Asks: 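The structure's right below; bear with me while I get my questions together.
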Amino acid sequence: MKFIIEHLSKSYDGRTVLRDIDFTFESGKIYGLLGRNGAGKTTLFNCINGDIRMDGGSFCFAEGEKDKEQIRSVVPEDIGYVLSTPTVPEFMTGREFLKFFMDIHESVIEAPKPLDTYFDDMSIATEDRDRLLKDYSHGMKNKMQMLINIIAKPNLLLLDEPLTSLDVVVAEEMKQLLRSLKAERITIFSTHIMDLALDLCDEIVLLNHGVLESVDKSDLDVQEFKERIIAALREESHA
């Protein structure tokens, strides 16, 4: 499966943020979307998710062999979106939220498991499962966001700097989880931290001057790769 972006553009107040983007993402990989703060990473995600309106362009899924590809439109169920600042219903407990999510998606969840099994999978302690979400830490709220996206099994998972503010243990757990799930979907991981992208991601995509550029890290040693990215991002900041 492929996710294809064609001629995507977006401007704010005369400033072009995304400039006629053409790019193809393939399933089974974690893509590191790397760019400076303010480069347009969140804008790109919001365009894909339909949270903001594009000025132009389109995107679709393509499935099958190259000569026999079947093109189809993107529907909301295709996309999972984990925000950098977790958004959860704080008046619910963790268990209530998870049950509510599973109840309203009952028809599409394959082989549902007991609630506590999902909590176990995310290393959420037994005593925390019946606490109000408003009392959860940032990392625990983030885990709940990740959990419902794992259950929903979206074809495209957008991760907007979800590990930046987590402690080392939780961040490592999340990285291992993402690696274990990548075969089933296309994962795009937005970050401005280069070492995190190099550690987690299979491919690096640089958002620079409003366009996406794939950088093949397998052809470069780590230092050369870092220097190339830093030079590109420094050039953008002075543009």
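The structure displayed is predicted, hence computed values, not measured ones.
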Asks: Going only through I, L, V, M, F, W and Y residues with side-chain contacts under 4.5 Å, is there a path from M92 to V88?
Replies: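 Linked, M92 and V88 end up in one cluster.
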
Asks: Y81 pairs by side-chain hydrogen bond (donor to acceptor under 3.5 Å, both in side chains) with which of D51, N46, T87, N149?
Replies: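 That would be N46.
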
Asks: Should the pair D202-R179 be classified as a salt bridge under the 4.0 Å nitrogen-to-oxygen rule?
Replies: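 So D202 does not pair with R179 through a salt bridge.
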
Asks: With a 4.5 Å cut-off on side-chain heavy atoms, are K29 and T187 touching?
Replies: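 Heavy-atom side-chain distance check fails, nothing below 4.5 Å.
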
Asks: Measuring from L177:CG to S123:OG, what's the distance to the nearest 0.5 Å?
Replies: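 One finds 9.5 Å between CG of L177 and OG of S123.
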
Asks: Taking the side chain as C-beta and beyond, is there a heavy-atom pair between I71 and C60 under 4.5 Å?
Replies: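 Yes, at least one pair of side-chain atoms sits under 4.5 Å.
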
Asks: Quick one: does D22's side chain have a donor or acceptor within less than 3.5 Å of a partner on H7's backbone?
Replies: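 Side chain of D22 to backbone of H7: a pair is present.
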
Asks: Please confirm whether the ring centroid of F3 lies under 6.0 Å from the ring centroid of F59.
Replies: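 Distance test on ring centres: under 6.0 Å, yes.
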
Asks: Does some side-chain heavy atom of D116 sit less than 4.5 Å from a side-chain heavy atom of R129?
Replies: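 In contact.
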
Asks: Do the numbers put K99 on top of the ring of F97, so that NZ or CZ is under 6.0 Å from the six-membered ring centre and no more than 45° off the axis?
Replies: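 K99 over F97 ring: no.
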
Asks: Are E63 and K2 close enough for a salt bridge, meaning some N to O gap below 4.0 Å?
Replies: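 A salt bridge is absent here (no side-chain N lies under 4.0 Å from a carboxylate O).
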
Asks: Measuring only between side-chain heavy atoms, which start at C-beta, is L34 closer than 4.5 Å to N208?
Replies: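 No, too far: nothing below the 4.5 Å cut-off.
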
Asks: Strictly by modelled atom types, are D160 and T42 linked by a side-chain donor-acceptor pair under 3.5 Å?
Replies: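 There is such a pair between these side chains.
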
Asks: Going by side-chain contact (heavy atoms from CB on, under 4.5 Å), F23 matches just one of V211, L8, V205. Which one?
Replies: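 By the side-chain contact (heavy atoms from CB on, under 4.5 Å) criterion, F23 pairs with just one of V211, L8, V205: V205.
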
Asks: Are C201 and L198 packed together at the side-chain level, in the sense that at least one heavy-atom pair is separated by less than 4.5 angstrom?
Replies: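 In short, these two side chains do not touch, never coming nearer than 4.5 Å.
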
Asks: Do the charged groups of D121 and K143 touch, with an N to O distance under 4.0 Å?
Replies: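 Here D121 does not pair with K143 in a salt bridge, since their nearest N and O are not under 4.0 Å apart.
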
Asks: A side-chain contact here means heavy atoms from C-beta on lying under 4.5 Å apart; do F45 and L33 qualify?
Replies: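 Side chain of F45 against side chain of L33, heavy atoms only: contact under 4.5 Å found.
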
Asks: If you count every heavy atom of other residues, nucleotides or ligands that lies below 6.0 Å from E127 atom CD, does the total exceed 12?
Replies: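 Buried by this count: over 12 neighbours within 6.0 Å.
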
